[in-house]
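Since the structure comes first, as structure tokens, the remarks are kept for the end.
Fair warning: this is a prediction, and the values are worked out from it, not measured in the lab. Letters A, B, ... are given to chains in the order of the sequence lines, protein chains preceding strands, and every chain is numbered from 1.
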Amino acid sequence: MSLISRRSDRTRVIVCIDFDYFYAQCEEIRNPSLRGRPIVVCVFSGRTGDSGVVSTSNYIARNYGVKSGIPIKVARSKLADRGDAIFLPMDIKFYAAKSEEAMSVIRGFGDKYEYVGLDECFIDVTDSTNADFEQAKQLSMTIKSSVFQKTGLTCSLGVAPNKLVAKIASDFQKPDGLTVVPRQEVENFLSRLRVDKIPGVGPKTTKKLFAMGMETFGQLSCCDPFRLVEEFGRTSGICLYNASKGIDNELVTESGQTQQIGKIITLKKDASRSTEMYDDLQRLCRLVVDLATERQVAFKTIGVLLILHDLENITRSKTLKVHCTNYNELYSVAKSILDEAMDWSTDDAVSAKLRVRRLGVKLTDLKNNSGQNTISDFIGST
DNA sequence: GCCACGCCTCGTC
DNA sequence: TTACGGACGAGGCGTGGC
């Protein structure tokens with residue numbers, strides 16, 4: 001059995017475009033007087049004035065250790081000496097509009113385009129550059145200046161023979177960077193980088209790899225792939241090994257719709273009984289069913305997510321017999337899942353632990369509905 | 001024994 | 001010292017049908 005993918009024979013030229021500190025940069029563009037000040041874009045949970053986490057920050061704030069994911073209170077204390085620091089709530093509609101402006105410029109340059117997120121995309125420029133990295137470099141500089149001219153946004157670009165290395169290269173020089181890694185330089189470029197530069201490798205995997213004595217791509221590429229499979233499972237193990245050698249045969253493709261629709265909220269105060277959450281649950285069901293209607297999809301599996309006061313997660317779900325688009329059925333099933341989840345233990349010690357901080361509803365097993373109702377909708381609605 | 005499916009947790013962005 | 005959102009996908013495990 002061979003675990004290792006072969007390098008694709010055809011040389012491709014892929015560009016990864018990543019907008020710098022995107023949400024915070026959008027805020028600078030909207031209000032140029034903020035430039036030069038630490039900007040922190042936050043997700044306020046609404047529970048208390050400063051409850052929530054940092055979504056992103058500009059480089060001035062990052063110099064003070066303010067990065068995405070940290071609690072807003074921590075960010076405030078880190079920036080205590082900077083009286084000019086500004087904390088703003090996310091305005092996703094504005095960022096989405098700005099992103100679309102930039103993406104429409106970028107789409108015009110690629111043979112193929114793949115949207116990854118509001119701040120990131122790939123284009124395949126193999127044909128338009130005759131697979132020549134020097135031409136790709138020139139094209140990338142044109143893309144950077146066009147995006148800046150049309151939107152005011154700066155971005156960092158990585159040019160490489162595949163998506164994996166292009167992504168790593170785009171992250172190599174930031175902000176406003178351009179890194180070109182031709183095929184023959186891939187191994188050398190990667191060898192001394194730390195393993196946490198591999199997309200998808202976060203703190204937990206990094207810690208595990210470090211404990212195994214693998215801190216760099218070079219060290220990882222010398223590892224027995226069977227050992228990686230043993231430690232991380234077949235799929236992840238093979239991915240890690242191939243990544244360490246810069247192998248990635250995934251094509252640039254128009255990505256499809258998401259495979260789930262979910263909403264999660266933070267409760268105004270912790271709840272220990274399901275009845276205390278019925279109002280919030282109704283609100284969540286209404287939100288997700290509206291999103292499903294908007295996207296013209298029906299759902300078959302309904303999930304309820306509970307995050308407890310100690311941030312431990314509990315998820316429970318139920319799969320319906322047939323796909324559904326109906327709010328009443330959704331709420332009724334979600335309510336029964338919630339009731340069961342809250343009553344699952346008669347052990348007082350366990351029940352006492354069930355102080356729910358956040359509540360979520362998730363729809364999966366989605367199917368294109370295009371306005372057609374199912375029998376269950378008919379039954380549910382009559 | 002194999003496979004598909006349902007359910008749940010983990011991990012990342 | 002601590003503080004703590006929201007969204008999504010991957011994958012492991014158990015179960016039941018064949």
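In summary, the side chains of A:Ser51 and A:Ser45 do present a donor paired with an acceptor at a separation below 3.5 Å, with no hydrogens or angles considered. Side-chain atoms of A:Gln25 and A:Asn58 include no donor-acceptor pair closer than 3.5 Å.
With sequence neighbours excluded, no residue forms a ring-ring contact (aromatic ring centres under 6.0 Å, His included) with A:Phe109. A:Phe22 meets the ring-ring contact (aromatic ring centres under 6.0 Å, His included) test with A:Phe19; sequence neighbours excluded. With sequence neighbours left out, the side-chain hydrogen bond (donor to acceptor under 3.5 Å, both in side chains) criterion links A:Ser274 to A:Asp339. Considering only residues two or more places apart in sequence or on other chains, A:Glu27 meets the side-chain hydrogen bond (donor to acceptor under 3.5 Å, both in side chains) condition with A:Arg30, A:Tyr95. For A:Tyr21, the ring-ring contact (aromatic ring centres under 6.0 Å, His included) partners two or more places apart in sequence, or in a different chain, are A:Tyr59.
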Using distance only, find each side-chain donor-acceptor pair of residues 65-74 of chain A under 3.5 Å and give its atom names and separation, not counting sequence neighbours.
none

Sequence neighbours excluded and cut-off under 3.5 Å, please list the side-chain donor-acceptor pairs for residues 280-289 of chain A, or say none.
| from | atom 1 | to | atom 2 | distance (Å) |
| --- | --- | --- | --- | --- |
| A:Asp280 | OD1 | A:Arg283 | NH2 | 2.7 |

Show every donor-acceptor pair shorter than 3.5 Å between a side-chain atom in residues 130-142 of chain A and any protein atom, with sequence neighbours excluded, or say none if there are none.
| from | atom 1 | to | atom 2 | distance (Å) |
| --- | --- | --- | --- | --- |
| A:Asp132 | OD2 | A:Glu134 | N | 3.2 |
| A:Asp132 | OD2 | A:Gln135 | N | 2.8 |
| A:Glu134 | OE2 | A:Gln138 | NE2 | 3.3 |
| A:Ser140 | OG | A:Ala136 | O | 2.8 |
| A:Thr142 | OG1 | A:Gln138 | O | 3.0 |

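In this structure, A:Ser317 reaches the sugar-phosphate backbone alone: every heavy-atom distance under 4.0 Å involves primed, P, OP1 or OP2 atoms, never a base.
A centroid separation of 6.0 Å or more is found between the aromatic rings of A:Tyr115 and A:Phe122.
When the C1' atom is used for both B:dC13 and C:dC4, the distance is 16 Å, rounded to whole Å.
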Pairwise N/O distances under 3.5 Å, protein to nucleotides 2-6 of chain C:
| from | atom 1 | to | atom 2 | distance (Å) |
| --- | --- | --- | --- | --- |
| C:dG5 | OP1 | A:Ser45 | OG | 3.3 |
| C:dG5 | OP1 | A:Ser51 | OG | 2.7 |
| C:dG5 | OP1 | A:Arg357 | NH2 | 2.9 |
| C:dG5 | OP2 | A:Arg357 | NE | 3.3 |
| C:dG6 | OP2 | A:Thr266 | N | 3.2 |
| C:dG6 | OP2 | A:Thr266 | OG1 | 2.7 |
| C:dG6 | N7 | A:Arg358 | NH2 | 3.4 |

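Look at A:Glu100 and A:Arg107 and you find a salt bridge, because one of the NZ, NE, NH1 or NH2 atoms lies within 4.0 Å of a carboxylate O, short of that distance.
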**Asked** Does the side chain to side chain donor-acceptor pair (under 3.5 Å) test come out yes or no for A:Gln173 and A:Ser156, once each step is laid out?
**Response** CA-CA 7 Å; A:Gln173 296 179 73; A:Ser156 297; over 6 Å; no
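The span of DNA chain B lying next to chain A, judged by atoms under 4.0 Å from heavy atoms, is bounded 5' to 3' by B:dG6 to B:dC13.
The residue among A:Glu120 and A:Asp365 whose nearest nucleotide of DNA chain B lies closer to the 5′ end is A:Asp365.
Near DNA chain C, meaning a heavy atom under 4.0 Å away, there are no residues from residues 273-289 of chain A.
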**Complete:** Protein heavy-atom contacts under 4.0 Å, written 5' to 3' over nucleotides 10-18 of chain C as B (base), S (sugar-phosphate only) or - (none), form the string -SS------
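OP1 or OP2 of C:dG9 lies within a sub-4.0 Å distance of a side-chain N or O belonging to A:Gln260.
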